[in-house]
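The structure appears below as structure tokens.
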Amino acid sequence: TKEMELKLVLLLVLVCQVAARSFSIDYERDCYSKDGDCYRYISGEMHYFRIPDQHWTDRLLKLKAAGFTTVQTYIPWNVHVPEEDTYNFAGIADVYRYLELSQLVGLNVIVRPGPFLATEWDYGGFPAWLLKDRPTLE
């Protein structure tokens, strides 16, 4: 759909903006360096697809208030493609909105796209429809 295409383009633009920034290890000052400044990396996980989307801002603000600088999340294939050729990026699946909110509250994001998720998630995040014509996955 056009809406999904637009969201994917906007996500690509966001990724390109992030790519223009720098993050490295500064061995001389014994710290991480983000855009030339010393940076303390403190990360926690918050999986957007496990939390009602109306609570995302509240939870992200709580992470920030607790001293976290970064939030990590998976992108589960089975949430975004629940049926073959059916794409879902709405409600709890609106990963673009989640990334925008994270940026607005001042958190960096480490995105871990599938296909496999190690989070006690059905089929490791693989969509169940994959088994329709392939009863065993190898």
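Summarising the geometry of Gly106 relative to Lys64, their closest heavy-atom pair is O-NZ, 3.1 Å, with the distance given to 0.1 Å. Closest of all the heavy-atom pairs between Met46 and Tyr98 is O-OH, 2.9 Å. For Ile42 against Gly67, the heavy-atom pair with the smallest separation is CD1-O, 3.6 Å. Shortest non-hydrogen contact noted between Gly36 and Ser22 is N-OG, 3.9 Å. Closest non-hydrogen pair, Ala93 versus Val79, comes out as CB-CG1, 3.7 Å.
A distance-only check finds no donor-acceptor pair linking the side chain of Ser33 to the backbone of Ile25 [under 3.5 Å]. Remark: the backbone N or O of Val81 is not paired with any side-chain donor or acceptor of Asn88 at under 3.5 angstrom.
Here CD of Glu120 is found 11.0 Å from CG of Asp122. Values are rounded to the nearest 0.5 Å. With rounding to the nearest 0.5 Å, the separation of CG in Leu99 from CG in Leu107 is 11.5 Å. Between the CG atom of Leu60 and the NZ atom of Lys62 there is a distance of 11.0 Å, given to the nearest 0.5 Å. Rounded to the nearest 0.5 angstrom, Asn108 CG and Gln103 CD are separated by 9.5 Å. For the atom pair OG (Ser102) and CD1 (Ile110), the distance works out to 11.5 Å, reported to the nearest 0.5 Å.
No path of Ile, Leu, Val, Met, Phe, Trp and Tyr side chains, each step under 4.5 Å between heavy atoms, connects Phe23 with Val71, placing them in separate hydrophobic clusters.
Legend: residues meeting side chain to side chain contact (heavy atoms under 4.5 Å, CB included) with Asp53, ordered by chain and number and at least two apart, are Trp56, Ile92, Arg97. With sequence neighbours excluded, the residues that form a salt bridge (Lys or Arg N to Asp or Glu O under 4.0 Å) with Arg29 are Asp26.
Ionic pairing of Glu45 and Arg50 is not present here: no N-O contact between side-chain nitrogen and carboxylate oxygen is shorter than 4.0 angstrom.
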request  = Start with the C-alpha distance between Ile75 and Arg112, add both sets of side-chain angles, then the distance that settles side-chain contact (heavy atoms from CB on, under 4.5 Å), and finish with yes or no.
outcome  = CA-CA 6 Å; Ile75 297 182; Arg112 298 188 301 183; over 6 Å; no
message = Apply side-chain contact (heavy atoms from CB on, under 4.5 Å) to residues Leu131 and Tyr123 and explain how you reach the verdict.
response = CA-CA 10 Å; Leu131 299 175; Tyr123 300 114; 3.5 Å; yes
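For the side-chain hydrogen bond (donor to acceptor under 3.5 Å, both in side chains) condition, the pairs that include at least one residue of residues 77-86, sequence neighbours left out, are Tyr48-His80, Asn78-Trp121.
Using a 4.5 Å heavy-atom cutoff, the side chains of Tyr74 and Pro113 are not in contact.
Shown here is Tyr39, whose OH atom has more than 12 heavy atoms of other residues, nucleotides or ligands within 6.0 Å. Around atom CG of Asp30, no more than 12 heavy atoms belonging to other residues, nucleotides or ligands sit under 6.0 Å away. Counting non-hydrogen atoms of other residues, nucleotides and ligands closer than 6.0 Å to CZ of Phe89 gives a total above 12.
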